[in-house]
Asks: 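Questions regarding the structure given below will be posed in turn.
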Amino acid sequence: MSTTSEPGLRVPRPTRPEAVGAGYPFSAVLGMADMRLALLLNAVNPAIGGVLVRGEKGTAKSTAVRALAALLPPVGRVAGCRFACDPDAPDPRCPDGPHPAVPAAERRPAALVELPVGAAEDRVVGSLDLERALADGVRAYEPGLLAAAHRGVLYVDEVNLLHDHLVDLLLDAAAMGRCHVEREGVSVSHAARFLLVGTMNPEEGELRPQLLDRFGLTVEVAASRDPAVRVEVVRRRLDADADPAGFAARWAGEDAAVARQVADARARLDQVVLTDAALRQIAEVCAAFDVDGMRADIVTARAAVAHAAWQGRDRVTADDVRVAARLALPHRRRRDPFDTPGLDEQRLDEALDRAQDEHVGSPDDDTGADDGSDGGTGPDDGPDGGTGPDGGTGPDGGTGPDGGPDGGAPADAPRSDGDTGFVDPTGRAPDQSTAQPPEPGSPGPDDSPRDPRPVAAPQHGLRARLFTAPGIGEGVPGRRSRARTGRGRTTGARVPASRPGALHLPATVRAAAPHQVARGRAKGPLRLRPIDVREAVREGREGNLVLFVVDASGSMGARHRMSAVKGAVLALLTDAYQRRDKVAVVAFRGAGAQVLLPATASVLAASTRLAELPTGGRTPLAEGLLAAAELLRVERLRDPRRRPLTLIVTDGRATAGTDPLPRAARAAAVLRATGAPCVVVDCESGPVRLDLARRLANQLAAAHHPLPTVTTTPLAALATAGFGAQRSVV
């Protein structure tokens with residue numbers, strides 16, 4: 001059964017609901033040239049170190065990754081080995097070994113293992129099999145997801161939401177090719193070589209630069225703004241939903257050709273020559289972009305070799321270096337959380353030209369014009385200069401079922417810009433509209449017209465005070481407030497609610513000891529039962545929700561004052577980033593308050609909204625406090641384990657509406673009733689001081705800090721919710 005939305009476009013129902021989204025062909029993913037190229041290069045040489053795909057939601061990130069696994073060649077393994085040992089070269093340290101000299105072998109498709117965001121450490125690396133330990137008295141190792149992913153693909157969706165220590169484990173295993181487990185009396189090491197792919201939406205938060213650097217390649221993806229391309233994407237999705245088997249069959253030829261090209265490139269990889277000239281270009285490019293360490297050079301070299309093998313060449317050319325640098329360097333240029341990833345391609349070309357000029361006429365010079373490095377086509381390159389499967393002579397650069405040049409794209413579809421997907425055919429960049437500021441209120445005594453000049457740039461590099469929530473929470477692991485988490489020092493034991501985490505051995509023994517006579521033990525080993533198990537209670541640090549409530553009214557609008565305010569807030573945002581917090585921003589001015597940014601882990605988004613924040617109008621302090629209370633109420637329902645910390649940046653004035661000061665006092669009582677600890681950052685300046693911000697802090701039972709003290713000392717200050725007590729740390 002189907003419905004018709006317009007002539008020529010049928011919208012069928014899926015034949016089998018469970019088949020929706022499964023088995024989508026890799027070649028049918030339209031556009032996203034850089035993402036597909038990065039995935040294929042890692043399939044050719046997993047030693048590159050994996051791919052991080054950054055982009056907005058709904059851009060086929062997960063679809064492409066899942067489709068890639070089907071293109072990888074099947075792997076042979078020792079029969080019955082839980083660690084997928086290669087029968088031609090079994091791992092001598094395999095926990096299931098030692099294997100026979102000529103073991104029985106079996107073949108299986110390359111594994112695709114998906115790591116859930118909420119996975120615990122023992123699920124990732126493996127742990128002691130407690131059931132066998134308690135029932136049989138033997139010490140047995142239960143493999144984790146890293147063992148299952150060996151010689152396959154390990155896919156982590158929303159990798160930026162995964163806890164840092166788990167990301168460290170994944171990247172260490174990917175870099176070393178082995179997983180080492182030292183926990184609960186188990187000491188195990190097993191091979192763990194896999195193609196690591198992570199996807200993330202930057203709006204949900206960023207990875208630390210140290211973790212970004214561990215990913216070999218990174219790509220930015222965005223949906224096309226061209227209607228013709230969007231129509232074709234929808235058409236393919238609907239066709240795949242209606243007839244998954246038939247849709248996959250139509251693209252089977254293209255997928256098979258890509259799989260053959262991957263296998264051929266793998267076989268050719270060891271024969272590709274990386275010349276001194278190419279190495280000089282790589283070093284010149286990495287030095288030009290001032291990247292830290294040597295990992296960038298190594299990854300770029302490996303990616304350039306893989307690209308040459310993918311293109312069918314036996315020598316690395318300048319074009320291979322350029323493509324590799326575009327994928328390996330953008331995320332390594334970030335020095336702080338407010339730097340946006342990206343690469344200036346003009347600087348890249350200049351660095352390549354400098355290296356080329358220094359080696360013109362050298363015996364191994366292969367950077368001449370016939371290699372396509374000047375943007376033209378060389379003998380081995382496709383119509384796009386050989387920059388990847390969408391522009392080369394490989395199967396993904398041929399014609400698909402729809403006769404288009406991009407494996408099925410309409411013939412008039414715009415080409416990919418290679419960095420952010422597709423651009424509008426008129427040449428306009430994708431929409432990047434921002435939220436409109438609230439309208440200013442009616443004139444008042446502290447109103448001032450908005451200065452048409454931009455606010456002076458805030459000072460960067462300031463160090464913020466440490467503000468923490470009181471008590472001990474149960475929140476997500478982080479680095480701000482005290483909490484009971486899965487990591488940290490052991491403070492006690494408890495009966496596990498479900499599957500136990502870290503075993504607390506002394507408490508387990510104490511729980512079993514009174515029952516030994518009843519269990520018939522006279523001598524010998526302690527007789528344990530599952531009800532005896534106790535897990536460790538550990539105290540570490542948690543991440544909080546840091547809510548910024550910023551006064552943007554006319555009384556705050558002086559250029560020097562707003563610059564100081566933004567500098568302090570940027571320092572606090574940097575602190576929130578380092579401590580793995582979520583942040584939210586509420587601004588009030590004119591007639592009301594506006595949620596500039598809902599709760600997110602992206603401090604880059606918060607800093608962008610603050611940079612665009614206009615000033616002027618009356619001061620609706622009551623509306624700002626009420627908006628903060630409502631946001632906290634909603635976030636408590638969404639994420640009840642994450643404790644909030646509210647930072648109110650204001651001079652304390654209230655001028656909007658009737659009875660502004662009494663209404664502000666009532667709003668403060670509402671915010672105080674939420675129980676969320678608050679800090680008032682006092683922005684009042686000048687020789688005449690009204691101390692309205694201090695009065696607001698008393699009404700909120702909040703800590704009070706003058707603006708200059710927020711960033712001038714590294715000493716910690718505790719933001720308490722001790723009602724009736726108000727502190728000021730100077």
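Heavy atoms only: backbone and side chains are in, while hydrogens, waters and symmetry mates are out. All residue numbers refer to positions in the sequence shown, counting from 1. If you're wondering where the values come from, they're calculated on a predicted model, not measured in any experiment.
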Asks: For A507, give me all partners under side chain to side chain contact (heavy atoms under 4.5 Å, CB included), at least two apart in sequence or on another chain.
Replies: A493, H504, R510, R534
Asks: Quick one: do L647 and V546 satisfy side chain to side chain contact (heavy atoms under 4.5 Å, CB included)? Show the steps, please.
Replies: CA-CA 7 Å; L647 302 179; V546 181; 3.8 Å; yes
Asks: So L671 and C678, do their side chains get closer than 4.5 Å, heavy atoms only?
Replies: yes
Asks: Examine distances only and state if a side-chain atom of T619 and a backbone atom of L621 form a donor-acceptor pair shorter than 3.5 Å.
Replies: no
Asks: Between atom OG1 of T218 and atom CE of M35, what is the distance when rounded to the nearest 0.5 Å?
Replies: 12.0 Å
Asks: Measure across A552 and R589 and return the closest heavy-atom pair with its distance rounded to 0.1 Å.
Replies: O-CB, 3.5 Å
Asks: If you round to the nearest 0.5 Å, how far is NE2 of H331 from CZ of R214?
Replies: 11.5 Å
Asks: Taking all atoms of both residues into account, what is the closest heavy-atom pair of N160 and N201, and its distance?
Replies: ND2-O, 3.4 Å
Asks: Indicate yes or no: at least one non-hydrogen side-chain atom of V113 is less than 4.5 angstrom from one of F194.
Replies: no
Asks: Under a 4.0 Å N-O cut-off, is there an ion pair linking R694 with E684?
Replies: no
Asks: Please report the interatomic distance CG(L145) to CG(L115), rounded to the nearest 0.5 Å.
Replies: 5.5 Å
Asks: Rounded to the nearest 0.5 Å, how far does CD of E623 lie from CZ of R618?
Replies: 12.0 Å
Asks: Go through the steps to decide whether L596 and V586 satisfy the test side chain to side chain contact (heavy atoms under 4.5 Å, CB included), and finish with yes or no.
Replies: CA-CA 6 Å; L596 288 183; V586 171; over 6 Å; no
Asks: Mark yes or no for whether R225, through its side chain, and A223, through its backbone, hold a donor-acceptor pair below 3.5 Å.
Replies: yes
Asks: Quick check for you: to the nearest 0.5 Å, what is the distance between R642 atom CZ and L645 atom CG?
Replies: 12.5 Å
Asks: Please tell me if the side chains of R643 and L545 come closer than 4.5 Å, counting only heavy atoms from C-beta onward.
Replies: no
Asks: For F548 versus V583, what's the shortest heavy-atom pair and its separation?
Replies: CE1-CG1, 4.1 Å
Asks: State whether R494 and E535 are salt-bridged, where the test is any N-O pair (Lys NZ or Arg NE/NH1/NH2 against Asp/Glu carboxylate O) under 4.0 Å.
Replies: yes
Asks: Charged N to carboxylate O below 4.0 Å: is that the case for E635 and K582?
Replies: no
Asks: R230 side chain to S224 main-chain N or O, any donor-acceptor pair under 3.5 Å?
Replies: yes
Asks: Taking T59 for the side chain and A222 for the main chain, is one N or O donor matched with an acceptor at less than 3.5 Å?
Replies: no
Asks: Mind running side chain to side chain contact (heavy atoms under 4.5 Å, CB included) on L154 and L170 for me, showing each step along the way?
Replies: CA-CA 9 Å; L154 180 62; L170 296 180; 3.6 Å; yes
Asks: Which pair of heavy atoms, one from R332 and one from F215, lies closest together, and at what distance?
Replies: NH2-O, 2.8 Å
Asks: Do H705 and D682 have side chains that approach each other closer than 4.5 Å (heavy atoms only, starting at C-beta)?
Replies: no
Asks: I want to check something: taking the side chain as every heavy atom from C-beta on, are F588 and T650 in contact at a cut-off of under 4.5 Å?
Replies: yes
Asks: Take V585 and V595 through the test side chain to side chain contact (heavy atoms under 4.5 Å, CB included) and record every step on the way to the result.
Replies: CA-CA 6 Å; V585 181; V595 178; over 6 Å; no
Asks: Where the side chain of R636 meets the backbone of T674, is there a donor-acceptor pair that is under 3.5 Å apart?
Replies: yes
Asks: Indicate yes or no: at least one non-hydrogen side-chain atom of L632 is less than 4.5 angstrom from one of T646.
Replies: yes
Asks: For the atom pair CG (L625) and CD (E630), what is the distance rounded to the nearest 0.5 Å?
Replies: 13.5 Å
Asks: Measure across V181 and V125 and return the closest heavy-atom pair with its distance rounded to 0.1 Å.
Replies: CG2-O, 3.3 Å
Asks: Considering all heavy atoms of both residues, which atom of A593 and which atom of A627 are nearest to each other, and what is their separation?
Replies: CB-CB, 3.9 Å
Asks: With no hydrogens and no angle check, is any side-chain donor or acceptor of H180 less than 3.5 Å from a backbone partner on A173?
Replies: no
Asks: Sequence neighbours excluded, which residues qualify as side chain to side chain contact (heavy atoms under 4.5 Å, CB included) partners of V670?
Replies: L626, A629
Asks: Contact between I648 and L700 at the side-chain level, heavy atoms closer than 4.5 Å - yes or no?
Replies: yes
Asks: Is there side-chain contact between L696 and Q699, with at least one heavy-atom pair below 4.5 Å?
Replies: yes
Asks: Does this structure show an ion pair linking D551 with R653, if we count only N-O contacts that are shorter than 4.0 Å?
Replies: no
